[in-house]
Amino acid sequence: MFIAGGTLSEALGVALTKAYALGFMNAVAHQECISPACGSTYDLREVLVACSRCGSLLDVRYDWGRLPIPRSLTFFEHRWSTKGTGVEGRLDFSGVWRFRELLPFYRDEDEIVTIGEGRTCLQRADLLARQLGIKNGNLLLQHEGLNPSGSFKDNGMAAAFTHARMVGARRVACASTGNTSASLAMFAGLSEMQGVVFIGSGKIAIGKLSQALDYGALTLQIRGDFDACLRRIRQIAQDPKMGIYLMNSVNPFRLEGQKSIMYRVLEALDWQPPDWVIVPGGNLGNCSAFGKAFMELKELGLIRKVPRLAVINASGANTLNELVSRRGMKWNGGDYDATIAQKLYAAMDEADYHPHTIASAIEISRPVNLPKALRALEVMNGVVREVSDDEILEHRALVARYGFGCEPASAASVAGLRQLLSQQVISPDERVVCILTGHELKDPNATVKYHTGIDMKAAQENAPRVPVTGKLSNQPVQVEDDLSRIIKVLGLEQN
Ligand code: F0G
């Protein structure tokens, strides 16, 4: 059913603002433990990275019955034509906030943070489809590398920075394989907050490191991998005395923003869900957000069909595939068997295993969003696969050859599609959306090495240093994976 845009839009906006003004904030949205056995709830203003009672992940939940929800997704279409630099113009321009009725945790529209993120669209990739043997018109690429900082993370940051502003955060931090740090640094620079990023020493692609430094984030190169960095930053952020707001995807507000990637896919397909959505899996925030988006749209009666999900790991960082495809781990309505993952992690510890893949963005072996990803796989009847580094590199080059450059991790989705076609899990007649998560220029070294054999990364590591004299130079700080040393670098000893 088509609903005339402008008038209803205004009415909905007013209704939402009024709902908050009347003090319904706690009633219409809250944070909730994802474990059905616990289900603890928390006020939106609480800054938490896990359920205080049972340690599980948190969701942002809405009391939809008390919120002004459009009766049809076509409601959102009129926003493409809004213009201007006023609040409505800026929010309607954003590919996240033009769907704001579907993530209504904010208090006031004036408080929303946006930098024009999510102006990405679904691209028809017929030449690539021909290479993969899929029917003309059936392969679509959602190019999230076209976001302002060059990756899908901007969708999540717009939402998480909005929450950070609501709670008065001054210092925001993340552990990152690169793109989260680039996006955080950009949003922090714009929001007058101090950005702090933890990256594994030598683990980050050069384009991403240059962004974090250039946007002025305090950049700590920790001797360790992403999993170690995340463990550390969670430990620090958990202590309220440290005054650090965590921006990793354990932050449930991040995932609210990332739901919008699916709204845009639907919008581009005239609100008809595709048959499949294929996404690379690292820390598993994105696939978790997609699952939540469809869970809610179904609950709201805004869609009938839910697409199937394929999450693609790199073979060198294949925890999800190992757990789901080989060890049979399932969400099971929330009653999942956590010991399956615990056993795998114990074996990894014993073998001193560290993930390794050319797709550095997804070089993660302990994905923190695992339970939410299992839920998404249940909601979207999903599958998990892994692809080798060679497959990733060849498919990255193939995507570029036909006009859509992306970084290595993104190409895992296309390599995964080839595998699923060959296994006849996906048929050439089905309509498939692959998510390209990051821009080609994020990791130029991988591209140059593929085409010329020159290892620019090794060359950079041994390159002679010149004195750093720029007035705004922001050098990374090398630090051991040691709590007291990190706290010292952060200048938090007095707290
Ligand atoms: N693709 C790219 C380009 C990424 O940067 C990431 C994650 C992923 C895929 C995986 O997404 O974690 O939601 O499953 N990068 C994070 C970072 C971990 O720190 O930039 P996920």
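Order of listing sets the numbers, starting from 1, for every ligand and every atom in it.
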In terms of atom number and element, which parts of ligand 1 are under 4.0 angstrom from non-hydrogen atoms of [X]?
X	result
Gly285	13 (O), 14 (O), 21 (P)
Asn179	2 (C), 3 (C), 4 (C), 5 (O), 20 (O)
Ala361	2 (C), 3 (C), 4 (C), 5 (O), 6 (C), 7 (C), 15 (N), 18 (C)
Gly281	14 (O)
Asn286	13 (O)
Ser176	17 (C), 19 (O), 20 (O)
Thr180	16 (C), 17 (C), 19 (O), 20 (O)
Gly178	19 (O), 20 (O)

Checklist entry - Is the ring centre of His30 less than 6.0 Å from the ring centre of Tyr62? => result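 No, the ring of His30 stays outside the 6.0 Å limit from the ring of Tyr62, centre to centre.
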
Checklist entry - How about Arg223: does its CZ atom have over 12 heavy atoms from other parts shown lying under 6.0 Å from it? => result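 Result for CZ/Arg223: enclosed.
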
Next on the checklist: Tell me whether Arg170 at atom CZ has more than 12 heavy atoms from other residues, nucleotides or ligands lying less than 6.0 Å away.
Outcome noted: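 No, because the 6.0 Å sphere around CZ of Arg170 holds 12 heavy atoms or fewer from other groups.
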
Next on the checklist: As a quick check of understanding, evaluate ring-ring contact (aromatic ring centres under 6.0 Å, His included) for Phe253 and Phe105, giving each step before the final call.
Outcome noted: CA-CA 9 Å; Phe253 296 91; Phe105 65 80; 5.0 Å; yes

Checklist entry - Is it the side chain (CB and beyond), the backbone, both or neither of Glu407 that lies under 4.0 Å from ligand 1, heavy atoms counted? => result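 It is the side chain that gets close, since no backbone atom is under 4.0 Å.
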
Item to check | Which segment of Lys153 sits under 4.0 Å of ligand 1 when only heavy atoms are counted | outcome: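 Looking at Lys153 and ligand 1, just side chain atoms fall under 4.0 Å.
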
Among protein heavy atoms, which sits nearest to [atom], and what does the distance come to when rounded to 0.1 Å?
atom	answer
atom 11 (O) of ligand 1	Phe152 CZ, 3.5 Å
atom 12 (O) of ligand 1	Asn283 N, 2.7 Å
atom 8 (C) of ligand 1	Ile362 CG2, 3.6 Å
atom 2 (C) of ligand 1	Thr437 OG1, 3.4 Å
atom 18 (C) of ligand 1	Thr177 OG1, 3.5 Å

Checklist entry - Would you say the side-chain atoms of Thr180 pair up with the backbone N or O of Ser176, donor to acceptor, closer than 3.5 Å? => result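 Flag not set: sc Thr180 to bb Ser176 has no pair under 3.5 Å.
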
Next on the checklist: Would Ile364 count as a contact residue for ligand 1, given that I'm defining contact as a non-hydrogen atom of the residue lying under 4.0 Å from a ligand atom?
Outcome noted: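 Yes, that is the case, since the closest heavy atom of the residue is under 4.0 Å from the ligand.
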
Checklist entry - Relative to Tyr345, does Arg366 satisfy both conditions: NZ or CZ under 6.0 angstrom from the six-membered ring centre, and within 45 degrees of the ring's axis? => result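 Yes, cation above the ring, under 6.0 Å and within 45°.
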
Checklist entry - Is there any N or O on Gly282 that sits under 3.5 Å from an N or O of ligand 1? => result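 N/O-N/O distance below 3.5 Å exists for this pair.
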
Checklist entry - Are any of the N/O atoms in Ser181 less than 3.5 Å from those in ligand 1? => result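 In fact, backbone or side chain, Ser181 has no N or O that close.
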
Checklist entry - Who pairs with Asp455 by side chain to side chain contact (heavy atoms under 4.5 Å, CB included), at least two apart in sequence or on another chain? => result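 With neighbours one apart ignored, the set is Lys449, Lys457, Ala458.
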
Side chains of [X] and [Y]: is there a donor and an acceptor less than 3.5 Å apart?
X	Y	value
Glu117	Thr114	yes
Gln342	Thr339	no
Thr357	Glu363	no
Asn155	Gln258	no

